[in-house]
Amino acid sequence: MPVKNVTRRKTLGQVVVCMGCCCGRTDKGHPDVPVDWLKSEWRRTLPKSIHLTVSGCLGPCDASNVVLLLFGDNPVWLGGLTRFEHYQAIADWADASREIDSLLPLPAVLEPFRMERFHNLEVPLEV
Ligand code: FES
């Protein structure tokens, strides 16, 4: 199917950090999400290369502290991020990818947090 819409704001990818009804809500027992630090890091190094979005609920609240990494047709869902170092690894990965203008493999420290978001990945996208 031909692409109909075009943006001049193309990026290598997009990092969507959930801060909805559960993620980051320490008052509900969830680990903190260092949103201010992430925004500061992005302003400092990554404003146009990889887009940062702080979102409302992405859906899988039970995974707690969810991050969605969007690049091309290969979204990666992470859940259960508990430590500042996890978010730091995301920022470092994004910055290193920016430096070479190409996405690097995700850092090994993030691999245990990958999750399947959808229960039937065999469904064709075109209906
Ligand atoms: S609040 Fe993050 S997935 Fe619902």
Side-chain angles (χ1 to χ4, degrees):
M1 176 184 294
V3 176
K4 294 179 183 166
N5 295 314
V6 179
T7 178
R8 289 175 300 204
R9 301 184 71 183
K10 289 186 178 178
T11 61
L12 285 173
Q14 185 161 354
V15 174
V16 184
V17 176
C18 187
M19 274 292 288
C21 52
C22 297
C23 297
R25 291 285 306 271
T26 56
D27 59 316
K28 290 184 171 181
H30 296 273
D32 187 32
V33 174
V35 170
D36 292 338
W37 180 83
L38 283 165
K39 288 179 178 177
S40 169
E41 279 295 291
W42 248 262
R43 271 193 297 272
R44 192 171 63 79
T45 61
L46 292 156
K48 296 197 172 86
S49 301
I50 297 180
H51 194 89
L52 174 68
T53 300
V54 178
S55 79
C57 179
L58 290 171
C61 300
D62 59 333
S64 188
N65 287 18
V66 171
V67 171
L68 172 59
L69 306 173
L70 295 168
F71 27 86
D73 295 330
N74 302 304
V76 172
W77 288 82
L78 303 174
L81 302 181
T82 55
R83 300 169 53 129
F84 174 80
E85 288 77 14
H86 301 145
Y87 294 93
Q88 190 170 38
I90 293 170
D92 289 347
W93 162 79
D95 192 32
S97 295
R98 175 196 57 80
E99 283 184 12
I100 64 167
D101 197 29
S102 181
L103 291 170
L104 292 163
L106 279 183
V109 69
L110 296 175
E111 287 298 329
F113 302 101
R114 278 187 192 247
M115 65 177 186
E116 287 189 9
R117 173 68 176 95
F118 305 107
H119 60 80
N120 186 352
L121 298 177
E122 303 303 318
V123 175
L125 293 177
E126 293 184 35
V127 280

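One-based numbering, in listed order, for ligands and for the atoms of each.
- Here 2 is the count of protein N, O or S atoms positioned under 2.8 Å from atom 4 (Fe) of ligand 1, waters not counted.
- Applying the side chain to side chain contact (heavy atoms under 4.5 Å, CB included) rule to Val35 yields the partners Met19, Val33, Lys39, Val54; only residues at least two apart in sequence or on another chain are considered.
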query: Under the side-chain contact (heavy atoms from CB on, under 4.5 Å) criterion, do Val67 and Val15 qualify, and how do the steps go?
result: CA-CA 7 Å; Val67 171; Val15 174; 4.0 Å; yes
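- Counting heavy atoms of neighbouring residues, nucleotides and ligands inside a 6.0 Å radius, atom CG of Asp27 exceeds 12 of them.
- Side-chain contact between Val76 and Arg114 is present, with heavy atoms from C-beta onward closer than 4.5 Å.
- When every heavy atom of Leu68 is checked against every heavy atom of Pro75, the shortest pair comes out as CD1-CB, 4.0 Å.
- Between Met115 and Val66, some side-chain heavy-atom pair lies under the 4.5 Å cut-off.
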